[in-house]
Amino acid sequence: MGPSLAPASEAIAERGTPDAETSAAPKAGFEVRLANFTGPFDLLLGLISKHKLDITEVALATITDEFIKYIRRLQELGEDWALDEASEFLVIAATLLDLKAARLLPAGEVEDAEDIALLEARDLLFARLLQYKAFKQIAGIMGETLEQEAMRYPRQVALEAHFAALLPELVWRHTPEQFGELAAKALKPKDSTPEQVGLGHLHAPPVSVKEQAGIIGYRLKLGAPLSFQTLIADAETTLVMVARFLALLEMFRDRVIAFEQPGPLAELTVRWTGDDAEWDSSRLSEEYEASINE
Amino acid sequence: MSEEEAVQDGLAELEALPGGARAALEAVLMVIDQPATSEELAAGLNVTVAVVEDLLEDLQREYSGYTVKAPDVDAVGFAVASTAPRGFELRNVAGGWRIYSRSDFADIVGRFVLEGQTTRLTQAALETLAVIAYRQPVSRARVSAIRGVNVDSVVRTLTQRGLIEDSGTDPESGAVLYRTTSYFLERMGIGSVAELPQLSPHLPGLEGIDEYYDASRM
Amino acid sequence: MSEEEAVQDGLAELEALPGGARAALEAVLMVIDQPATSEELAAGLNVTVAVVEDLLEDLQREYSGYTVKAPDVDAVGFAVASTAPRGFELRNVAGGWRIYSRSDFADIVGRFVLEGQTTRLTQAALETLAVIAYRQPVSRARVSAIRGVNVDSVVRTLTQRGLIEDSGTDPESGAVLYRTTSYFLERMGIGSVAELPQLSPHLPGLEGIDEYYDASRM
């Protein structure tokens with residue numbers, strides 16, 4: 001999510017007057033408060049309180065249609081939603097629909113995995129909704145406190161001149177150039193603090209099949225047949241092992257090696273059969289490069 | 001001279017001044033521009049923390065309009081009787097003491113002090129601030145999961161307002177963690193986040209919700 | 001209602017507040033940074049200049065430790081008796097009124113002030129100064145937006161250090177604008193801000209930086 005998407009959530013929140021407690025939701029209906037909800041949970045709570053319902057599955061089933069109607073209306077109004085925000089609403093709408101469809105009456109035994117998943121989805125939704133409700137109430141209290149406190153003004157007057165004069169002379173070590181550099185750094189638009197957690201570390205570094213084929217080829221060309229075990233003995237990761245296996249398949253197709261295996265699950269021995277001078281691992285097909293590296 | 005004696009001396013010295021130690025403390029309170037702890041005040045006045053804290057409470061009561069007669073300072077010959085509250089109050093906020101105008105005069109004072117007053121926070125900002133206050137240190141992703149919406153821009157606004165700040169990164173995910181600032185405590189008029197209203201009464205039977213969340217969302 | 005009556009009403013209104021008009025005046029005096037004239041105070045309190053001047057003298061005497069009994073405010077039922085001077089005093093300097101720490105305590109206050117001071121600017125202060133130097137005249141809100149954090153207290157420090165100063169208010173927002181001082185130029189060893197090094201032109205969109213911030217944050 002780039003910074004360009006971000007302001008929309010604020011815009012939605014700020015367009016209307018901040019709504020007070022949901023429990024005191026105005027009778028006017030949710031149409032007039034279209035833009036006042038600060039998120040899907042807020043909307044859901046708003047709808048539940050509008051119908052004076054408890055937060056139960058009945059409530060969820062009852063308001064599902066309204067929730068979805070709300071999203072449609074926003075679309076019709078041409079509300080320019082940030083993608084990630086819309087998706088939050090949609091995820092919840094989808095969950096609501098699921099719950100409604102299932103009628104959620106676990107009257108008998110829970111029968112299959114799907115039912116269990118649905119129950120979990122319902123419980124999770126309730127839990128999140130209740131937690132959000134608690135924070136919303138707390139936010140209301142905090143808002144009142146902040147407002148009360150804003151009525152007190154702290155004394156923060158500038159130091160009287162004769163005390164200011166006592167202050168030790170500042171140590172100043174910056175040349176204009178250094179100061180300029182400092183300014184450049186301070187004025188540079190912040191790379192708006194990483195918007196997402198890097199996933200790079202979750203992927204193993206790329207392993208090239210060609211490279212591994214080169215290694216295998218070099219070893220086999222020395223003459224002696226080698227067992228597959230020997231060929232992968234120095235592989236540091238599973239990925240390297242897989243790459244070497246794929247390389248062997250490739251090389252077999254190129255008819256530069258031959259396999260020998262006395263019986264099922266017995267040791268696999270690999271022997272060089274190719275022309276030493278002509279074969280080069282770079283001639284291998286590209287087939288595996290893409291899939292292994294990405 | 002032992003340290004104790006030195007501090008005694010410090011008090012004696014102050015009491016010799018017109019108005020005594022109380023007035024000296026008041027004089028210092030006049031020049032601080034952010035809350036000062038009783039330790040800082042004690043060090044500045046060269047008296048013990050206990051003495052300063054007595055004096056602070058004494059002043060606090062007096063400003064609020066109670067009749068005060070401080071026994072310690074009686075010795076140097078003055079008595080204070082005040083029945084009307086002053087226009088200002090002394091408060092212990094965000095871990096420090098500071099003078100504030102009394103809230104009764106907010107409208108009048110507001111005509112003179114244009115700056116420093118923050119505009120009202122939006123509902124979105126308040127909710128985000130609440131989640132951060134109770135879950136700190138916390139990542140944006142986590143706050144976002146609780147609120148159900150993206151909170152990036154609201155977090156930026158709150159940071160700019162000085163209400164929250166970066167408190168390092170999560171060792172596991174590398175995500176930036178946020179916490180509330182002492183300015184937040186000041187604006188809330190409390191000494192520490194422990195003084196925030198309890199969340200549990202608003203969260204019936206959801207003690208285990210954190211784990212639930214963490215397992216399923218994060 | 002004549003103007004006289006309106007002003008009378010203003011006084012009645014103030015007297016209804018806890019501590020009355022005196023406390024209201026005190027509240028204002030305690031938090032204003034710049035000395036205020038009796039005219040300004042009268043206008044803010046919605047009373048006549050004569051009333052404000054009476055109250056000012058009354059407070060001044062009280063702070064200095066005389067026994068005071070204000071006849072005007074007696075009506076609403078409070079009496080003030082104070083024999084010890086306070087740690088602060090109300091002074092009329094260059095036509096304006098402001099509360100200062102009492103000069104008797106100058107040594108103690110001076111010691112306290114020095115204790116918390118360092119001789120170096122923090123990184124935050126330096127960066128804020130840099131932004132102000134290159135963007136002057138500029139409001140705190142603007143600097144805050146550029147730096148992404150609240151800069152109120154840093155700006156106060158820089159002002160106190162004489163490196164920046166108030167340069168009037170923004171006609172649109174009414175916010176105070178800041179600029180660097182000649183002391184700043186002196187410390188930098190340059191003759192004018194034009195001599196500050198040019199910011200490297202390849203710095204991404206320094207020209208467009210205003211739009212960047214305005215669009216996304218303000």
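Per chain, numbering begins at 1; letters A, B, ... match sequence-line order. Source: prediction; values computed, not measured. Scope of the values below: all heavy atoms of this structure, side chains included, with no hydrogens, waters or symmetry mates.
- When the candidates C:Ile99, C:Leu41, C:Val151 are compared by the number of heavy-atom contacts under 4.5 Å with chain B, C:Leu41 comes out ahead.
- With respect to chain B, the highest number of heavy-atom pairs below 4.5 Å among C:Leu114, C:Leu25, C:Val109, C:Val113 belongs to C:Val109.
- In summary, C:Glu62 and B:Arg86 engage in a salt bridge, as defined by a charged side-chain N under 4.0 Å from a carboxylate O.
- Within the 4.5 angstrom heavy-atom criterion, only side-chain atoms of C:Gln160, from C-beta onward, approach chain B.
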> Passes side chain to side chain contact (heavy atoms under 4.5 Å, CB included), C:Thr159 versus C:Tyr178? Steps please.
Replying inline: CA-CA 9 Å; C:Thr159 311; C:Tyr178 293 89; 4.1 Å; yes

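- Chosen from B:Leu45, B:Leu158, B:Ile108, the residue pairing most often with chain C at heavy-atom distances under 4.5 Å is B:Ile108.
- Cation-pi geometry between B:Arg102 and B:Phe88 is not satisfied (NZ or CZ under 6.0 Å from the ring centre, within 45° of the ring normal).
- Under the 3.5 Å distance criterion, with hydrogens and angles disregarded, a donor-acceptor pair is assigned to the side chains of B:Glu53 and B:Ser38.
- For B:Val28, the parts sitting under 4.5 Å from any heavy atom of chain C are the backbone and the side chain alike.
- Side-chain contact between C:Gln136 and C:Ser167 is absent, with no heavy atoms from C-beta onward closer than 4.5 Å.
- In terms of heavy-atom pairs under 4.5 Å with chain C, the best-connected choice from B:Ala27, B:Ser101, B:Gly44, B:Gly162 is B:Ala27.
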